[in-house]
Student: 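So that we are looking at the same thing, I have put the structure below in structure tokens.
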Amino acid sequence: MSKFFDSEIVREELDEINDLQQDIYKCAFEFPSLSRQDKVEHIEKLMELLEKQKIMYTRLSLSEDSQAQEFKKQLEKSVVTLGFPSGTDMNVLFDAMKTTIDKMKDFVDK
């Protein structure tokens, strides 16, 4: 394993990201039928996940570790599967995700 991924902090953060993703995916399709409180909690988890992903991407960007750089490249390539053009800056993706979460929050608050 690499120095970057050997870090206890990095491993813990990746585990938290994975756990959040799994929890969010479980009820993503049920969102319209959730109670207002459950919707609010779901949105809060989305916001937490986005922040953790942004922090991890920044860590990857700052690392000189070859495996961290490879992981970063794979993330950058994955934006195409989300409908963005190849080469899209990850901050554009993060901003779009934040906008979507804000719209969900506004919808629930109505």
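Because only heavy atoms are used, hydrogens play no part in the values below, and waters and symmetry mates are left out as well, while side chains stay in.
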Student: Can you list everything that forms a side-chain contact (heavy atoms from CB on, under 4.5 Å) with Glu70? Sequence neighbours excluded, please.
Tutor: Lys73, Gln74

Student: With distance as the sole test, does Thr99 use its side chain to make a donor-acceptor pair with the main-chain N or O of Asp95 at under 3.5 Å?
Tutor: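 The answer is yes, because a donor-acceptor pair under 3.5 Å joins these two groups.
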
Student: Would a distance-only check, ignoring hydrogens and angles, find a side-chain to backbone donor-acceptor pair under 3.5 Å from Glu76 to Gly87?
Tutor: no

Student: Would you say the side-chain atoms of Ser33 pair up with the backbone N or O of Glu30, donor to acceptor, closer than 3.5 Å?
Tutor: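 Yes; at least one donor-acceptor contact below 3.5 Å.
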
Student: Mind running salt bridge (Lys or Arg N to Asp or Glu O under 4.0 Å) on Arg11 and Asp15 for me, showing each step along the way?
Tutor: CA-CA 6 Å; Arg11 285 194 321 267; Asp15 286 343; over 6 Å; no

Student: Report yes if the side chains of Asp23 and Asp19 come closer than 4.5 Å at any heavy-atom pair, otherwise no.
Tutor: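 Heavy-atom side-chain distance check fails, nothing below 4.5 Å.
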
Student: To the nearest 0.5 angstrom, please state how far the CG atom of Leu50 sits from the NZ atom of Lys98.
Tutor: 8.0 Å

Student: Using 30° and 60° as the class boundaries, would you call the ring planes of His42 and Phe31 parallel, tilted or perpendicular?
Tutor: tilted

Student: Once rounded to the nearest 0.5 Å, what's the spacing between atom CZ of Phe4 and atom CD1 of Ile9?
Tutor: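 Nearest 0.5 Å value for the CZ-CD1 distance: 10.5 Å.
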
Student: Could you list the residues that satisfy side-chain hydrogen bond (donor to acceptor under 3.5 Å, both in side chains) with Gln53, not counting sequence neighbours?
Tutor: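 Once residues adjacent in sequence are excluded, Gln53 has no partner under the side-chain hydrogen bond (donor to acceptor under 3.5 Å, both in side chains) criterion.
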
Student: How close do Arg36 and Val108 get, counting heavy atoms only, and between which atoms?
Tutor: NE-O, 3.7 Å

Student: Could you go through the side chain to side chain contact (heavy atoms under 4.5 Å, CB included) check for Val10 and Met56 one step at a time?
Tutor: CA-CA 8 Å; Val10 169; Met56 183 56 65; 4.2 Å; yes

Student: Between Leu93 and Met90, does a side chain to side chain contact (heavy atoms under 4.5 Å, CB included) hold up when you go through it step by step?
Tutor: CA-CA 5 Å; Leu93 171 70; Met90 289 297 287; 3.8 Å; yes

